[in-house]
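Heads up: the structure comes next, in structure tokens.
Note: hydrogens, waters and symmetry copies are ignored here, and every other heavy atom, side chains too, is used.
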Amino acid sequence: MSEDLISSVFGPSGLISRNHENYEHRQEQIKMAEEIGRAFADRKHLIVEAGTGTGKTMAYLVPAIAASLSQKKRIVISTGTKNLQEQLMEKDIPFLKKILPAKFSASYMKGRSNYACIYRVHKAEHQPILDGLDQMDHFRKISRWMPETDTGDRRELADLPENISFWNRINARGEVCIGQKCPDFDPCFITRMRNRADSADIVVVNHHLFFADLSVRGNQFGKVIPDYGAVIFDEAHLIEDIAADYFGFEVSNFQLDELARDTDSLPIHDPLSTRDLTKVAARIMGLSEQFWLRFSQARNEGRYPLVRDVFYNRTSSGTSQATPLGEAYAALDNALGTLETVLEKFANEMAEAESLLRRTRQARFDMEFIVSQTETNFVYWLERRGKGVYMHASPVDVSELLREKLFDKVESCILTSATLSAAGSFNFVRERLGLDAANTRSFTARSSFDYEKQAVLYLPKAMPDPRSAEFSQMAAGEIVKLLHVTEGRAFVLCTSNFSMNTLYELVSSRVNYPCFVQGSTSKAALIERFRETPHAVLFATSSFWQGVDVQGEQLSCVIIDKLPFAVPSDPLVAARSKFIDDNGGRSFMDYSVPQAVITLKQGIGRLIRSRSDRGVIAILDPRIRTKPYGRTFLESLPRMRITSDLADVEQILSNASKA
């Protein structure tokens with residue numbers, strides 16, 4: 001991509017400056033666009049850390065469009081969140097379509113569960129899936145919407161509640177799809193989505209869909225996303241964990257209950273067969289409940305290691321003997337095997353039975369894989385989330401999988417985020433994801449914000465060790481002092497739910513500012529309340545450390561309770577750490593510290609969102625000063641004044657009010 005083209009788009013008299021009222025000339029944006037253009041031209045991979053305010057979406061969209069048109073190849077843009085995906089499709093891409101002389105086409109694809117299934121909605125009109133008048137009213141609205149919508153995207157139903165309980169019974173999830181045998185295959189919203197993507201130069205997806213597609217590419221179910229010549233990953237710091245999810249295995253109580261319900265509602269008219277299916281469905285429901293209830297360690301929400309000994313004991317003679325949980329698994333697997341046999345009779349003549357047979361076989365395979373634990377490069381774990389209990393098997397290290405399936409096959413992969421380096425090095429991300437150093441370039445686009453003038457880093461004196469009993473009380477005292485100086489207008493970002501709730505209780509009773517806490521309502525509603533409430537204070541955990549944008553003085557302070565190290569007892573963290581140590585590494589410095597640095601940078605990035613913002617970042621954890629690794633954290637943060645004096649905090653806020 002030529003420098004003349006970059007200048008004609010991004011320069012002071014370029015296309016963007018002439019058509020965008022908020023245009024700012026950003027040299028780092030231009031450099032980033034040039035680096036991405038070169039990576040496409042040279043067929044190299046590129047890691048780009050784009051500091052806040054760089055304008056990174058335009059910096060990758062323009063060279064992506066140019067490369068797609070000049071090299072005649074489709075380029076996929078994968079985002080970490082649906083919100084960013086929608087911003088690209090509804091704001092950034094339409095703007096570029098309007099101003100760029102070259103014509104291009106763009107399409108977006110979401111996960112299948114976001115779309116209504118025409119066939120299932122028609123079936124639901126004659127099946128008892130609704131409870132109460134509200135649900136019947138919601139379903140009638142959906143029925144009226146179906147003939148009017150071109151996309152079938154759940155997002156269009158903005159006037160309905162966020163979580164419609166029956167949506168799972170009418171959406172287009174892949175595991176319940178009957179494919180080309182469906183009478184509604186041609187008008188299907190998934191078919192339409194794929195057709196639009198097939199003819200597009202740029203396809204916008206999210207990471208979940210991208211890695212779901214990558215994990216099945218080449219098997220009997222085939223690809224979802226059309227073939228592509230290059231990929232751009234925005235919010236690339238999320239890739240490792242999402243990839244691990246989709247290259248792993250999972251079985252849940254919800255999944256087995258739904259399998260039994262769908263079996264019971266198969267449209268079979270032979271009374272004997274219907275009776276057999278009803279009996280086996282009821283048996284699966286009962287045995288499934290007994291199986292999941294036996295996981296005594298999952299009484300509370302959380303993630304727990306799942307060791308093979310919970311299913312089988314080794315006898316003195318060296319043989320394996322099933323535990324009560326192992327016996328419950330064997331009984332459940334036997335019932336699922338019976339269901340398989342019954343369904344095989346109808347699979348050739350009934351698409352729904354064929355789909356159910358496929359789901360049953362997959363559930364049995366996944367359960368056997370997790371229970372037997374024969375693959376040593378996987379970590380096996382259990383999770384309770386709400387009313388759900390999930391068994392997981394996740395690859396300990398995804399680097400080889402990603403190298404083989406992605407980076408060795410796709411000419412150019414661009415990975416960008418505001419947080420990809422630790423102490424100026426990209427080694428952590430490159431090694432965790434399996435990028436070949438010889439074929440991967442890196443570039444840092446500095447933030448357009450002047451942190452030395454716009455922010456101050458407050459590190460209080462004499463804080464106790466964060467693992468000590470008195471830490472919460474001392475932290476609450478510091479938060480109260482800070483809030484009096486900032487007049488509220490703060491995020492208090494915590495590393496655990498326990499810490500968040502403890503600090504909320506200790507602080508909210510001692511300040512006269514409106515205090516909100518995560519979990520009291522949806523994330524979107526909380527952010528909106530925070531924006532609209534003068535002097536508000538929001539206490540939150542992990543999901544608020546990223547993807548939240550509050551500009552102006554309404555957010556003048558971000559307080560972080562502790563350095564955000566991952567919980568060492570978490571099954572995935574423990575397995576990854578052991579893998580690094582077993583292979584001659586130092587897991588704490590090679591994994592724990594860089595990962596925590598990237599998370600901390602995400603949290604700090606909430607504060608300064610425009611050139612006019614001013615504020616204070618407070619880190620209450622003394623280890624950033626007292627431990628040798630603290631230097632790595634400080635060297636990774638934007639360059640700004642460090643203080644332990646609240647007078648300096650007052651001064652920068654005073655300067656903000658004068659500005």
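A donor-acceptor contact under 3.5 angstrom links the side chains of H237 and Q546, judged on distance only. A donor and an acceptor atom, one from each side chain of D264 and T278, are located under 3.5 Å apart. In the model, N348 has no side-chain atom that pairs as donor or acceptor with a side-chain atom of E354 under 3.5 Å.
Judged purely by atom type and a 3.5 angstrom limit, R74 has no side-chain atom pairing as donor or acceptor with the backbone of V203. Within the 3.5 Å criterion, the main-chain N or O of I77 finds no donor-acceptor partner in the side chain of Y60. For the pair N501 (side chain) and N497 (backbone), a donor-acceptor distance under 3.5 Å is present.
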Would you please test T149 and E156 for side chain to side chain donor-acceptor pair (under 3.5 Å) and show each step? CA-CA 8 Å; T149 176; E156 292 179 10; 2.9 Å; yes
Please report the C-alpha distance between R361 and E344 in whole Å, then the side-chain angles of each, then the deciding distance to 0.1 Å, and finally whether the salt bridge (Lys or Arg N to Asp or Glu O under 4.0 Å) criterion is met. CA-CA 11 Å; R361 286 173 173 163; E344 282 170 350; 2.9 Å; yes
Before you tell me yes or no, could you show the steps for L259 and T360 under side-chain contact (heavy atoms from CB on, under 4.5 Å), namely the whole-Å CA-CA distance, both residues' side-chain angles and the distance that decides it to 0.1 Å? CA-CA 7 Å; L259 187 66; T360 304; 3.7 Å; yes
Full working for side-chain contact (heavy atoms from CB on, under 4.5 Å) between L61 and I232: CA-CA 9 Å; L61 278 172; I232 296 171; over 6 Å; no
Show your reasoning for whether side-chain contact (heavy atoms from CB on, under 4.5 Å) applies to R194 and I190. CA-CA 6 Å; R194 284 175 169 164; I190 302 298; 4.2 Å; yes
For E349 and F346, what are the C-alpha separation, side-chain angles and deciding distance, and is it a side-chain contact (heavy atoms from CB on, under 4.5 Å)? CA-CA 6 Å; E349 58 195 59; F346 303 97; 4.1 Å; yes
Could you walk me through whether R358 and E175 pass salt bridge (Lys or Arg N to Asp or Glu O under 4.0 Å), step by step? CA-CA 8 Å; R358 187 178 71 239; E175 62 267 30; over 6 Å; no
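A salt bridge links D262 to R359: at least one charged side-chain nitrogen sits closer than 4.0 Å to a carboxylate oxygen. A salt bridge does not link D408 to R403: none of the charged nitrogens lies less than 4.0 Å from a carboxylate oxygen. The pair E240-R576 meets the salt-bridge criterion, with a side-chain N (NZ, NE, NH1 or NH2) lying under 4.0 Å from an Asp/Glu carboxylate O. Salt-bridge check for E86 with R155: passed, with a basic side-chain N closer than 4.0 Å to an acidic carboxylate O. D333 has a carboxylate O that lies under 4.0 Å from a charged side-chain N of R364, or vice versa, which qualifies the two as a salt bridge. Salt bridge R120/E125: absent, no basic N to carboxylate O contact under 4.0 Å.
For the atom pair E250 CD and S394 OG, the distance stands at 9.0 Å (nearest 0.5 Å). Here the straight-line distance linking atom CD1 of I284 with atom CG of N334 works out to 10.0 Å at 0.5 Å rounding. To the nearest 0.5 Å, atom CD1 of residue I225 and atom OG of residue S78 are 7.0 Å apart. The CG atom of D234 lies 11.5 Å from the CD atom of Q85; values are rounded to the nearest 0.5 Å. Note that CZ of F365 is 7.5 Å distant from CD of E368, once rounded to the nearest 0.5 Å. With values rounded to the nearest 0.5 angstrom, L357 atom CG is found 11.5 Å from Q362 atom CD.
In this structure, A281 and A260 approach most closely via the heavy-atom pair CB-O, 3.4 Å. Scanning both residues, G434 and F407, for their nearest heavy atoms gives O-CD1, 4.0 Å. The nearest pair of heavy atoms linking V121 to F139 is O-CZ, 3.7 Å. Closest approach of C494 to W545, counting heavy atoms only: O-NE1, 3.2 Å. When all heavy atoms of G386 and E301 are compared, the closest pair comes out as N-OE2, 2.6 Å. Across all non-hydrogen atoms, the minimal contact from S105 to D201 is N-OD2, 2.9 Å.
Taking a 6.0 Å sphere around NZ of K97, one finds it holds more than 12 heavy atoms contributed by other residues, nucleotides or ligands. Counting heavy-atom neighbours within 6.0 Å of E90 CD, excluding the residue itself, gives a total above 12. Sparse packing is recorded around CZ of R283, with 12 or fewer heavy atoms of other residues, nucleotides or ligands lying under 6.0 Å away.
Contact of the T81 side chain with the E235 side chain is registered, since non-hydrogen atoms from C-beta on lie closer than 4.5 Å. Using a 4.5 Å heavy-atom cutoff, the side chains of L526 and K523 are not in contact. By the 4.5 Å heavy-atom criterion applied to side chains, P267 and M350 are counted as neighbours. Counting only heavy atoms from C-beta outward, the side chains of I268 and L277 approach each other to under 4.5 Å. Contact annotation: the side chain of L88 never approaches that of Y108 to less than 4.5 Å [non-hydrogen atoms, C-beta and beyond]. Side-chain atoms of W145 and L157, non-hydrogen and from C-beta on, do get closer than 4.5 Å to each other. Side-chain contact between V231 and I414 is absent, with no heavy-atom pair separated by less than 4.5 Å. V204 has its side chain within reach of I93: a pair of non-hydrogen atoms, C-beta onward, lies under 4.5 Å apart.
Between H392 and W381, the two ring planes are parallel [angle under 30°; tilted spans 30° to 60°]. Ring geometry, F369 versus Y380: the interplanar angle falls from 30° to 60°, so the pair is classed tilted. In this structure, F233 and F210 have perpendicular ring planes: the angle between them is above 60°, well past the 30° mark.
By the ring pair (Phe, Tyr, Trp, His ring centres under 6.0 Å) test, F544 is found to be paired with no residue, residues two or more places apart in sequence or in another chain being considered. With sequence neighbours excluded, the residues satisfying side-chain contact (heavy atoms from CB on, under 4.5 Å) with S252 are F254, Q255, Y390. Residues meeting the ring pair (Phe, Tyr, Trp, His ring centres under 6.0 Å) test with F189, sequence neighbours left out: none.
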